[in-house]
Structure formats: C-alpha cells, structure tokens
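As structure tokens, the structure follows; a few thoughts come after it.
These values consider heavy atoms only, across backbone and side chains, with no hydrogens, waters or symmetry-generated copies.
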Amino acid sequence: FSLLWDGETTVGWRGAYKLEFPDGSWEIKDSALGVISSGNNRVDLCRDIMTKNQFSAFVLKFDFKLTEGANSGVKYFVGEPGKKSGPAQRSAVAALEYQIVDDAVPTVTGNRTLGYLADIMQSKKPKASIKKVGEWNQAIIKVFPDNQVEYWLNGYKILEYTRGSTGFLNLVATSKYKDLQGFGMARRGHILLEGHGGVVSYRSIKIKEFDKN
C-alpha cells in the first residue's frame, strides 16, 4: 500500500470544481483530515476534495470517525467535474460511493446508512461491525480487475456487487442515476471525499492498485 494522504499536508488533493485545495473547509489536526462544520448552511460552495491522480482496480483503506448526525462519503471512479457556479456548485459529483453517515440520525432521504452503495444498494452490517459515534472505524473498498466490488467495515464484509452485471444495471436503472449513461463503469477515476455540513475525520488513507498488466 502507498499513502494516498501523507497525514500532514494537502499535497495530491484538490477541490472538486477547483484547481486547488479549498480554503476553510478542511483542517489537519492530530494526523487526521477533518471537515470543518458549516453549521446549517447546506448551500455553500462545494467542499468535496479529490485526488489529483486517477486509479483503476484497487484496494482502498481508510479510517474515519463520525460525529453525531454527520454525513459524508468516499467516492471512486470520479470523472473530471465540469464547471458550475452559484448554489449548483455545491451539487454532489455523481459517482459510486461508500456512504459515511451516522445511522442514528435519519438523512434527508431517510434511507442512507453507513456502508451504503449510495442511492443504489444497502449494506448488510452485522451488529459487531458498528462502533459508537466518536470512535475510529476502518473501511475498505476493494475493486477487482473483473469489476467485482466489496465494501468492508471494521473487519466485516458488508456489501458486494459487480459493475456491469445485470443486477447492478437494474439497480442503477431505478436509481437517481438512471439518466447518466455508463454510470459507474469508468475504467479509471479520482477518489473523492465528501465535505457536507457535518464533521467527519479521515486518517490513514492508503491505496494499492492491482497489476495494470
């Protein structure tokens, strides 16, 4: 594995819709990268951050810590976001996502839960995989060269699917992504951390790519 975030700087990362890292949205403290709360302001400029590099099949490991009511996510195979302005600039980048959310507080849609393939497929979390808010968790996203994808949480596999399979395409066809041609099927893309209003911290973000040959 190689470090995707060095634990000290913003090198290798930039804002979505931006050329540079966004000011005043994230802070680095105690070797953790944390979203700064925006209070109740849900229509601020986009605070999502993404890797400058792109990745294909990989294993991504990261630790995360929630606060009460927090809502974030880790997206992958993210394309290059187009330019947006005004309130639209905070619109989420459409991509496959490992949902990071406090299950105890209902989200806007009421069905987004920790480990959810956001807006597509619910995870199956055993009780032992769930930690209290404020404790560090370890998540793993495995994307194999054959398009099989696995989500892990604190040592437990909680979700699996295959990109391009009939089951996956059927789920996308009934999701909010139904009108996005080829959604979730990019061969390479950026890794993105969502910066919503709630406070979420990340650390030990590591990636290992499978043999490109």
Side-chain angles (χ1 to χ4, degrees), residues 4-5 7 10 13-18 21-51 60-76 78 81 87 89-141 151-156 158-159 176 190-206:
L4 198 55
W5 176 57
T10 61
W13 293 79
R14 64 178 176 85
Y17 312 115
K18 296 177 173 66
F21 198 89
D23 292 331
S25 299
W26 296 75
E27 66 177 353
I28 298 172
K29 184 178 180 180
D30 299 327
S31 298
L33 181 63
V35 182
I36 298 174
S37 175
S38 62
N40 294 322
N41 182 12
R42 303 292 293 177
V43 193
D44 55 356
L45 294 179
C46 181
R47 290 141 47 94
D48 295 352
I49 57 174
M50 55 192 281
T51 59
L60 175 68
K61 291 184 178 182
F62 58 94
D63 295 345
F64 68 91
K65 181 170 63 174
L66 292 163
T67 56
E68 185 176 354
N71 180 6
S72 182
V74 175
K75 297 184 177 183
Y76 49 104
V78 173
Q89 192 173 11
R90 110 141 290 295
S91 299
V93 176
L96 299 167
E97 178 181 352
Y98 186 119
Q99 184 80 61
I100 306 293
V101 68
D102 176 13
D103 285 353
V105 179
T107 59
V108 175
T109 62
N111 63 355
R112 294 177 180 169
T113 60
L114 178 59
Y116 183 30
L117 172 56
D119 298 304
I120 298 177
M121 180 188 298
Q122 289 286 359
S123 64
K124 298 179 180 179
K125 302 190 297 291
K127 187 175 181 180
S129 71
I130 303 171
K131 293 190 177 184
K132 295 179 181 179
V133 167
E135 295 182 354
W136 283 103
N137 300 266
Q138 185 191 69
I140 303 175
I141 301 172
Y151 284 7
W152 293 72
L153 176 65
N154 297 321
Y156 294 87
I158 60 172
L159 181 148
K176 70 178 185 180
H190 304 272
I191 306 294
L192 180 147
L193 305 182
E194 283 191 328
H196 288 325
V199 178
V200 177
S201 297
Y202 294 93
R203 70 180 185 187
S204 191
I205 308 172
K206 304 175 183 178

For the pair [X] (side chain) and [Y] (backbone), establish whether a donor and an acceptor sit closer than 3.5 Å, ignoring hydrogens and angles.
X: Lys176; Y: Asp119; result: no
X: Ser123; Y: Ile158; result: no
X: Asp102; Y: Ala104; result: yes

**OP:** Identify whether the distance between the nearest side-chain nitrogen and carboxylate oxygen of Asp103 and Lys125 falls below 4.0 Å.
**Re:** yes

Work out which heavy atom in [X] is nearest to a heavy atom in [Y]; give both atom names and the distance.
X: Arg47; Y: Gly24; value: NH1-O, 4.4 Å
X: Val78; Y: Ala95; value: CG2-CB, 3.7 Å
X: Gly115; Y: Leu159; value: O-CD1, 3.8 Å
X: Gly195; Y: Trp26; value: CA-CZ2, 3.9 Å

From [X] atom [atom1] to [Y] atom [atom2], the distance as rounded to the nearest 0.5 Å:
X: Gln99; Y: Ile120; atom1: CD; atom2: CD1; answer: 11.5 Å
X: Ile49; Y: Leu192; atom1: CD1; atom2: CG; answer: 8.0 Å
X: Glu27; Y: Ser201; atom1: CD; atom2: OG; answer: 7.5 Å
X: Trp136; Y: Leu66; atom1: CH2; atom2: CG; answer: 10.0 Å
X: Phe62; Y: Lys206; atom1: CZ; atom2: NZ; answer: 13.5 Å
X: Leu60; Y: Tyr151; atom1: CG; atom2: OH; answer: 10.5 Å

Original post:
Step by step, would you call Trp13 with Leu4 a side-chain contact (heavy atoms from CB on, under 4.5 Å)?
Top reply: CA-CA 9 Å; Trp13 293 79; Leu4 198 55; 4.0 Å; yes

pair [X]-[Y]: side-chain heavy atoms closer than 4.5 Å:
X: Leu114; Y: Phe64; result: yes
X: Tyr98; Y: Leu117; result: no
X: Ile141; Y: Tyr76; result: yes
X: Asp48; Y: Tyr17; result: no

Just jot down the side chain to side chain donor-acceptor pair (under 3.5 Å) partners of [X], sequence neighbours excluded, or say none.
X: Tyr202; result: Ser72
X: Gln122; result: Thr113
X: Trp152; result: Glu150

Subject >> Residues which pass side chain to side chain contact (heavy atoms under 4.5 Å, CB included) with Ile28, listed by chain and number, not counting sequence neighbours >> reply: Trp5, Thr10, Leu33

Original post:
Listed by chain and number, what are the side chain to side chain contact (heavy atoms under 4.5 Å, CB included) partners of Asn154, not counting sequence neighbours?
Top reply: Lys131, Asn137, Gln138

**OP:** Could you note down all residue pairs passing salt bridge (Lys or Arg N to Asp or Glu O under 4.0 Å) where residues 61-71 supplies at least one of them, sequence neighbours left out?
**Re:** Asp63-Arg203

Subject >> Audit row: Val74, Ile205, side-chain contact (heavy atoms from CB on, under 4.5 Å) steps and yes/no >> reply: CA-CA 11 Å; Val74 175; Ile205 308 172; over 6 Å; no

